[in-house]
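Order of the sequence lines fixes the chain letters, A, B, ..., with proteins taken first and strands second; residue numbering starts at 1 for each chain.
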Amino acid sequence: MSDPTTPLVATPGQTIGPFFGYALPVAGGELLVPASHPGAVRLRGTVYDGHGDPVPDALLEIWQADAEGRASTAEGSLRRDPFEFTGFGRTPVDPAGRYTFTTVVPGATTPGRAPFVAMTVFARGLLDRLLTRVYLPLDEDALAADPFLAGVPEDRRHTLVATRDEHGFVFDVRLQGEDETVFLGHGSPA
Amino acid sequence: MTVAAGRDDSHIVIPLSGRAALRPAGRLPYVAGVTPTTDTAPDAALATQARIDAEIAGIREEYDAAGREETRPRLDYAPYRSSLLRHPTKDLHHADPEGVELVAPVFGHRDVGPAEADLTIQHGGDPVGERMVVTGRVLDADGRPVRHQLVEVWQANAAGRYIHQRDQHPAPVDPHFTGVGRCLTDADGTYRFTTIKPGPYPWKNHRNAWRPAHIHFSLFGTEFTQRMITQMYFPGDPLFALDPIYQAIVDPRARERLVAAYDHEVTQHEWATGYRWDIVLTGTHRTPMEAEQ
């Protein structure tokens, strides 16, 4: 630590295990905005394992900008004020591996980049957390022009883009298998 | 803090998890181009400790021979059976962080009350076991403290039992201990919990499988990409060599970063033993100029 040019080695992660239920989920954790919010949308999906079976003991977190593309600096993600948008959501999946967040469509934060919802995946059996991005199928031109998405192999790009149905947006997380979700490594700063 | 308000997980049913049930025998991971087949070998779920030890040793030998240092757990680590179908088979795709990834959620005193850092005073009586203080600093890779950020912990009680309804280990529940705590780091990045030393406990990874005593830690940094969950262990645990979750960090120096140090300076006279454990998050992507602002 005395030598500022030598970065410290990061502490390794470990699995969340099966017994986080009393510790991490919070009331309203899945409600970034109330369902009654005029801009409320549903973002939901299922977490699957390598056999295509639902994973019933995962925990998902999302972190996103508000509708104007601003990252919130408001506290209160654990004890919510429904009138204040904190940008952070956390929910365990249900016994069928399903999750639902109620949120708003994030605005653009960076010129030339398609907006996205950052997502973290934890599960028993998953030895370290996984990070991914949820892009929404709203502005096809913006998605097509996004340099990050352009760098993802075409046959896997769709795993990062939610689909849309009459209830809102659907984003499944596939930990392994044919349509394995693209998970991200952010590496070290160059 | 009470467990009931806002923390009730009665809606969370976690079947077939952890100790509650065996992983279905013989479920093999997906391999591209290969149709998954069913391994009906009865020991797929009932491997002996000796078999697990041999698998751990084999992976370790390959690692030593490769001569390339790893600092993180393997996601694909077969001795931990639950990882077989839950590890990605493709490499992580590199992404330069952008937008919200370059900042992190903000937590504050609205989220966390000061009493939540003391797991021994939350339930109307003294829990059984060795009272202890666990403290340390949360730093980023440049050694900068992660200030005023959320730290969450959960753990088994002194008998090795979690309050979780799916924990069926026949050890006593302690009515005065749920094993859940939260705090905010201070301006120096320091967190501090008062708790009870957790016991080791059996699980169903293999026959006679036991987890070393540990406390789960959940951490945020100043950028969302630093988000992590890990486990803190205690020095000299005889179960280290036998535990496939701990051994999934194949490099011994990397594993030891999860082991707290007994610290007599933290120990309190006639009150509690003391352990110190510092946590380093991954590097940030801000320039030094920005970081100083």
Side-chain angles (χ1 to χ4, degrees), chain A residues 1 7-27 49-51 56-57 63-65 71 73-79 86 88 92 95 109-110 113 118 120 122-129 131 148 152 175-177 180 182-189, chain B residues 3 6-7 9 12-15 17-18 29-30 71-73 75 77 82-83 85-90 92-95 97-101 103 105-108 110-111 141-143 152 154 162-164 167 178 180 224-225 227-231 245 248-249 254 257 279-283 285:
Chain A
M1 210 178 305
L8 302 177
V9 178
T11 306
Q14 291 266 265
T15 181
I16 193 172
F19 299 128
F20 56 81
Y22 260 90
L24 298 182
V26 292
D49 72 10
H51 274 178
D57 44 12
W63 168 236
Q64 64 165 87
T73 56
E75 57 185 76
S77 291
L78 300 184
R79 295 200 168 93
T86 69
F88 179 75
T109 58
T110 313
R113 305 283 178 141
T120 314
F122 304 95
R124 179 182 67 85
L126 182 58
L127 277 154
D128 201 358
R129 55 91 178 109
L131 301 169
F148 165 74
V152 176
L175 295 175
Q176 187 185 91
E180 184 175 304
V182 170
F183 298 107
L184 306 181
H186 292 290
S188 300
Chain B
V3 168
R7 301 281 160 73
D9 75 340
I12 304 164
V13 180
I14 302 184
S17 68
Y30 171 86
T71 59
R72 309 185 67 158
L75 295 174
Y77 194 73
S82 300
S83 76
L85 288 167
R86 296 185 174 193
H87 71 267
T89 57
K90 298 177 175 66
L92 299 180
H93 186 88
H94 176 77
E98 60 178 76
V100 289
E101 289 168 338
V103 289
V106 174
F107 298 92
R110 181 164 127 202
D111 296 297
D142 296 313
E152 297 165 281
W154 70 102
Y162 284 86
I163 198 74
H164 197 287
D167 182 1
T178 51
V180 172
F224 196 63
T225 57
R227 178 83 180 94
M228 71 106 95
I229 283 179
T230 189
Q231 300 178 22
I245 292 179
I249 305 160
R257 294 189 180 106
I279 301 155
V280 180
L281 304 180
T282 55
H285 299 78

Hey, does the side chain of [X] reach the backbone of [Y] with a donor-acceptor pair shorter than 3.5 angstrom?
X       : Y       : result
E75(A)  : R110(B) : yes
D49(A)  : L85(B)  : no
W63(A)  : V100(B) : yes
H186(A) : A95(B)  : yes

**Request:** Select one option (side chain, backbone, both, neither) describing which atoms of T86(A) are under 4.5 Å from chain B's heavy atoms.
**Result:** neither

**Item:** Portion of A65(A) that has a non-hydrogen atom of chain B nearer than 4.5 angstrom
**Value:** both

**Prompt:** In terms of heavy-atom pairs under 4.5 Å, which option from V152(A), L131(A), T109(A) contacts chain B the most?
**Reply:**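 Top count of heavy-atom pairs under 4.5 Å with chain B: V152(A).
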
Determine the minimum heavy-atom distance between [X] and [Y], stating which atoms define it.
X       : Y       : answer
A123(A) : R86(B)  : CB-NH1, 4.3 Å
G21(A)  : H164(B) : N-CD2, 3.8 Å
M228(B) : R129(A) : CA-CG, 4.3 Å
V103(B) : A71(A)  : CG2-CB, 3.8 Å
P12(A)  : R257(B) : CD-CB, 3.9 Å
L92(B)  : G185(A) : CB-N, 3.7 Å

With rounding to the nearest 0.5 angstrom, report the [atom1] to [atom2] distance, [X] to [Y].
X      : Y       : atom1 : atom2 : result
Y22(A) : T178(B) : OH    : OG1   : 8.0 Å
L75(B) : F183(A) : CG    : CZ    : 9.5 Å
S83(B) : D128(A) : OG    : CG    : 12.5 Å

**Prompt:** Can you find a pair of side-chain heavy atoms, one from V182(A) and one from K90(B), that are under 4.5 Å apart?
**Reply:**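 Counting from C-beta outward, V182(A) and K90(B) never come under 4.5 Å.
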
**Message:** Does any part of the side chain of F224(B), heavy atoms only, come nearer than 4.5 Å to the side chain of T120(A), both counted from C-beta?
**Reply:** yes

**Message:** Applying the side chain to side chain contact (heavy atoms under 4.5 Å, CB included) criterion to I229(B), which one of T15(A), L126(A), L24(A) satisfies it?
**Reply:** L24(A)

**Prompt:** Looking at the rings of H93(B) and F148(A), which for Trp means the six-membered one, are their centres under 6.0 Å apart?
**Reply:** yes

**Request:** Evaluate side chain to side chain contact (heavy atoms under 4.5 Å, CB included) for H94(B) paired with L184(A), printing each intermediate quantity in order.
**Result:** CA-CA 6 Å; H94(B) 176 77; L184(A) 306 181; over 6 Å; no

**N-O pairing of R113(A) and E98(B) below 4.0 Å** = yes

**Prompt:** Would R72(B) and L127(A) count as a side chain to side chain contact (heavy atoms under 4.5 Å, CB included) if you check the C-alpha gap in whole Å, the side-chain angles of each, and the deciding distance to 0.1 Å?
**Reply:** CA-CA 9 Å; R72(B) 309 185 67 158; L127(A) 277 154; over 6 Å; no

**Request:** Decide yes or no on side chain to side chain contact (heavy atoms under 4.5 Å, CB included) for Q176(A) and H87(B), but give the supporting numbers first.
**Result:** CA-CA 6 Å; Q176(A) 187 185 91; H87(B) 71 267; 3.3 Å; yes

**Request:** Determine, stepwise, if the pair F88(A) / F107(B) fulfils ring pair (Phe, Tyr, Trp, His ring centres under 6.0 Å).
**Result:** CA-CA 10 Å; F88(A) 179 75; F107(B) 298 92; 5.7 Å; yes

**Verdict with reasoning, W154(B) to I16(A), per side chain to side chain contact (heavy atoms under 4.5 Å, CB included)** = CA-CA 10 Å; W154(B) 70 102; I16(A) 193 172; 3.7 Å; yes

